[in-house]
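All figures in this text were calculated on a predicted structure; none of them were measured in a lab. Throughout, protein chains are lettered first and strands after them, A, B, ... in sequence-line order, and every chain is numbered starting at 1.
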Amino acid sequence: MMMIRSNSALKSFIGKTPLLYSAHTTFLASLIHSNSSFSSNASADFQQHSKSKYQKVANLNDALNLFDQMSQQRPFPSIIYFTQLLHSVTKMKHYSHSVDLFKQMCALRVPVDKFTMSVAIKCCCQLYRTNDGFAILGYCFRRCIVPDDFIFSALLDGLILEDRILEAEIFFKKLIKDKLCEPDVVMYSTMIKGLCKVGNNVIAIQLLRLMDERGCKPDVVVYNNIIDSLCKDQMIDDAFKLFKEMVFQKRIPPNVITYSSLIDGLCNLGRWEDASKMLQEMLDVGISLDVHTYNILVDAFCKEGKIEEAENVVDIMLERGIVPDIVTYNSLIDGYCLRGELAKAKAIFDSMVFRNIGPNVVTYSSLLNGYWKNSKIDEAMLLFHKMNEKGPKPDVITYNTMLWGLFRVGNCGAARKLFDEMRAKGLKPNECTYRVILEGLCNNHLIEEALSLFHLMGDSKLNSCIIVYNIVIDGASICGKFDIAKALFQDLTNKGLHPNVRTYSVMISGLCREGLVGDAKELFYKMEESGCAPDNVSYRVLLQGYLKNKHYVDVEMLLHEMVGRGYSLDATNVSILLDQIAAGSFDNTLIELIGKLVPKELMDGPNFSLK
DNA sequence: CTAGGGTTAG
């Protein structure tokens with residue numbers, strides 16, 4: 001059975017590079033040969049028996065009914081039972097109901113204690129209402145309840161959830177300085193998570209060292225936080241350094257999350273063979289893949305366009321008794337969308353209902369994204385309509401997707417309306433929203449509006465972002481306002497921002513568009529000096545500038561450099577070069593040089609017969 | 001004696 005599937009997978013790889021093929025196969029092989037993972041639930045069952053009925057409520061309704069009964073008894077049942085019930089509701093993630101029950105308890109004068117407070121604070125924080133959490137902390141002080149690590153951790157976590165990292169840091173330091181508590185491993189881990197969240201891996205590692213020095217031994221969760229963050233930032237070598245430190249120096253056994261993070265990091269870098277090795281290592285040390293790990297693999301295959309492989313992984317999951325969840329199906333939808341197979345994506349979307357998995361906001365957004373990327377305007381509009389009628393509530397990402405699509409088809413008016421609508425619904429546009437709008441306006445030649453929006457952002461985080469600058473600089477330059485582009489380029493350094501490769505490429509392209517080839521060349525060689533090496537795109541842009549401005553003297557040198565760096569030409573370059581060859585502008589040595597720079601994809605095209 | 005906190009996937 002498995003062999004047949006592997007063979008069909010094999011077919012899909014014919015024509016691809018052998019390395020990729022074997023890496024994928026090994027990858028699958030290690031999946032196939034791994035042990036089935038039917039873990040014993042004996043201990044869980046045992047624990048079930050010792051649990052009270054307040055801890056075992058199956059759903060929200062039961063919990064609410066039970067609460068009603070309890071609140072009518074006199075005297076009140078033990079606060080322990082109330083708190084257990086509250087905790088059950090919290091574990092079901094019905095945080096707002098939990099807070100509600102807590103409020104009722106207070107109103108009924110049920111003698112709430114530290115444990116109750118702790119659950120209530122936790123719920124406020126998870127609802128992005130950390131300020132309310134702090135209000136309950138004040139209530140604790142008034143009631144002479146001394147808050148403990150649990151309460152402080154919940155508050156710290158809330159600040160981090162709301163991206164209030166600076167406040168989190170101040171709070172954390174204050175706790176230590178005022179000796180309100182000595183942070184334990186969970187609190188350190190939470191603070192470290194926050195630092196990682198804002199990309200401050202270096203400080204996170206410093207805190208890891210500090211906690212060790214202060215006598216709080218880091219555990220696998222602390223390491224996982226940093227390892228995952230490093231993986232997400234594509235700093236996989238650092239991640240492995242930490243991994244080895246954890247395993248060999250600290251003797252902390254990695255868990256399924258450690259491996260999953262590393263495998264995810266490797267897959268995102270396209271390092272299939274290494275990912276495969278890690279998967280094997282994980283199985284060798286006796287850790288089975290869980291639904292998250294499988295989902296990472298499904299997602300990785302989907303992102304590579306290897307849907308057949310992804311489907312194989314799903315089959316393996318099913319065979320092993322691991323039920324694919326909404327994340328699995330969302331990845332598959334993404335994968336089919338990426339390949340332009342919208343009917344397949346829609347089929348999965350529709351099938352989810354039968355599997356008792358209701359499509360969530362991610363599912364809808366993915367399919368919408370697929371429709372827009374493939375120019376299925378009507379389908380996108382219809383699906384969005386359906387979503388508003390009877391689907392999950394669209395979130396910022398949904399709106400960003402819609403805005404992107406509307407701008408792409410040039411419907412700036414509808415985009416405007418939708419933007420107003422999203423704000424009317426109380427959704428806060430994020431950085432991505434502004435990028436989408438700026439780019440949309442620029443691409444539709446509405447540079448004035450883009451600039452006024454850009455200036456409207458003032459000195460916020462939003463326009464102190466190099467990506468945003470790149471968009472506006474490019475937009476201004478495309479719209480013939482190169483003086484503005486130049487001013488913006490100056491402006492960003494004044495703000496202490498560093499131009500990146502893209503910024504330089506955009507500027508070089510702009511200079512060339514203005515016919516200022518000399519300046520373009522100067523900037524091109526300056527960027528390397530500034531520690532920003534030109535990439536393939538920079539070369540292609542400059543070459544295009546040289547050619548379009550008939551600046552032939554530097555072409556040969558540039559081509560040689562491109563060969564040296566292993567770069568290649570794009571379709572535009574090749575097309576102009578072919579014209580020039582036909583016109584006799586280049587001699588034979590140059591034609592040979594060009595031949596080395598034409599990528600295989602372009603060679604196969606019917607328009608290019610360059611040998 | 002019974003109760004509470006942190007890690008992976010758009």
Side-chain angles (χ1 to χ4, degrees), chain A residues 47 50-55 78-88 90-91 98 112-123 125-126 133 147-158 160-161 181 183-194 196-197 204 218-229 231-232 239 246 254-265 267-268 282 289-300 302-303 324-331 333-334 337 360-370 395-398 400-401 432:
Chain A
Q47 278 183 4
S50 60
K51 281 189 177 175
S52 76
K53 65 172 173 176
Y54 308 97
Q55 292 168 286
S78 160
I79 182 62
I80 291 177
Y81 298 140
F82 272 106
T83 308
Q84 283 182 342
L85 188 67
L86 218 59
H87 186 236
S88 297
T90 306
K91 274 198 297 206
S98 231
V112 296
D113 66 2
K114 189 164 73 179
F115 291 97
T116 330
M117 299 281 199
S118 151
V119 178
I121 290 174
K122 168 84 188 156
C123 291
C125 292
Q126 292 298 307
D148 59 10
D149 285 12
F150 288 83
I151 287 177
F152 290 131
S153 285
L155 290 165
L156 189 68
D157 203 29
I160 288 161
L161 201 63
C181 76
D184 64 0
V185 65
V186 175
M187 211 181 291
Y188 275 111
S189 145
T190 306
M191 192 63 245
I192 283 172
K193 176 180 72 178
C196 289
K197 195 175 174 188
D219 65 4
V220 64
V221 180
V222 175
Y223 274 97
N224 283 353
N225 267 310
I226 310 179
I227 288 172
D228 185 63
S229 174
C231 285
K232 291 221 164 46
M246 174 178 96
N255 61 16
V256 63
I257 297 176
T258 325
Y259 279 105
S260 296
S261 291
L262 288 166
I263 290 167
D264 190 38
C267 286
N268 284 334
M282 168 178 167
L289 287 74
D290 66 6
V291 66
H292 286 161
T293 327
Y294 282 110
N295 283 345
I296 286 167
L297 302 181
V298 169
D299 197 56
C302 285
K303 287 210 167 72
D325 62 8
I326 190 154
V327 179
T328 324
Y329 292 109
N330 286 349
S331 286
I333 288 176
D334 250 354
C337 286
N360 64 8
V361 60
V362 180
T363 324
Y364 273 92
S365 303
S366 289
L367 193 55
L368 277 173
N369 186 45
D395 67 6
V396 181
I397 299 181
T398 320
N400 291 350
T401 307
C432 194

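Although no hydrogens or angles enter the test, the distance criterion places a donor-acceptor pair under 3.5 Å between the side chain of A:Asp148 and the main chain of A:Ile151.
In this structure, the nucleotide among B:dG5, B:dG6, B:dG10 sitting nearest to the side chain of A:Val221 is B:dG6. Side chain of A:Ser189, nearest nucleotide from B:dG6, B:dG10, B:dG5: B:dG6.
Partners of A:Tyr329 under the ring pair (Phe, Tyr, Trp, His ring centres under 6.0 Å) rule, at least two apart in sequence or in another chain, do not exist in this structure. Remark: A:Cys196 engages A:Ile192, A:Asn201, A:Ala204, A:Ile226, A:Ser229 in a side-chain contact (heavy atoms from CB on, under 4.5 Å) (not counting sequence neighbours).
Taking 4.0 angstrom as the limit, A:Lys51 places none of its side-chain polar atoms (N or O) nearer than this to OP1 or OP2 of B:dA3. In this model, the phosphate group of B:dA3 is not approached by any side-chain N or O of A:Lys114 to a distance below 4.0 Å at OP1 or OP2. Residue A:Lys193 places none of its side-chain N or O atoms closer than 4.0 Å to OP1 or OP2 of B:dG6.
Counting non-hydrogen atoms under 4.0 angstrom, A:Val291 reaches nothing in the nucleic acid. Residue-level contact check: A:Lys303 touches the backbone only, with heavy atoms under 4.0 Å from sugar-phosphate atoms and none from bases.
Across residues 80-88 of chain A, A:Ile80, A:Thr83, A:Gln84, A:His87 each have a non-hydrogen atom less than 4.0 Å from an atom of DNA chain B (numbered order).
The side-chain ring of A:Phe150 is stacked on the base of B:dG4, judged by centre separation under 5.5 angstrom and plane angle under 30 degrees.
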